[in-house]
Amino acid sequence: FVTVAGNPAKPHGINSEGVRRRGYSVDGIAAIKKAYRTLYRSGLSLDEARNRINELAIAHPEVVAFKEFISVSSRGLVR
């Protein structure tokens, strides 16, 4: 869901066009954006951000894939 650019790579937002093409609803896209902001812009620790995203995924199934990716990533996250 996240677009990155630069060297070193930095997150620059979600791929809203891609998720729109895949049929995500406006509410679903908004939830993904909220998850992105929670992880990358809130200033929370990774564990705190994961907890909030887990809560968000309960109400918005569109966020589940985002949640699962950050939970099992073995290569780390660009933050």
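Side chains are part of it too, since the values below use all heavy atoms of this structure and drop only hydrogens, waters and symmetry mates.
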Using residues 50-62 as the side-chain source, report each donor-acceptor pair under 3.5 Å to any protein atom, sequence neighbours left out, with the distance given to one decimal.
from: Arg50; atom 1: NE; to: Ile70; atom 2: O; distance (Å): 3.2
from: Arg50; atom 1: NH2; to: Ile70; atom 2: O; distance (Å): 3.0
from: Asn51; atom 1: ND2; to: Asp47; atom 2: O; distance (Å): 3.3
from: Asn54; atom 1: ND2; to: Arg50; atom 2: O; distance (Å): 3.3

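Closest non-hydrogen pair, Arg41 versus His12, comes out as NH2-CA, 4.3 Å. A pairwise comparison of heavy atoms in Val4 and Pro11 identifies CG1-CA, 3.8 Å as the closest pair. Shown here for Ile14 and Lys33, the closest heavy-atom pair between the two residues is CD1-CG, 3.4 Å.
For the pair Thr3 (side chain) and Gly13 (backbone), a donor-acceptor distance under 3.5 Å is present.
Within the structure, every pair that satisfies the ring pair (Phe, Tyr, Trp, His ring centres under 6.0 Å) test and touches residues 28-52, not counting sequence neighbours, is listed here: Tyr36-Tyr40.
The hydrophobic cluster containing Val64 does not contain Phe69, counting ILVMFWY residues as joined when their side-chain heavy atoms lie under 4.5 angstrom apart, directly or transitively. Under the 4.5 Å side-chain contact rule for hydrophobic residues, Leu44 and Leu46 do not share a cluster.
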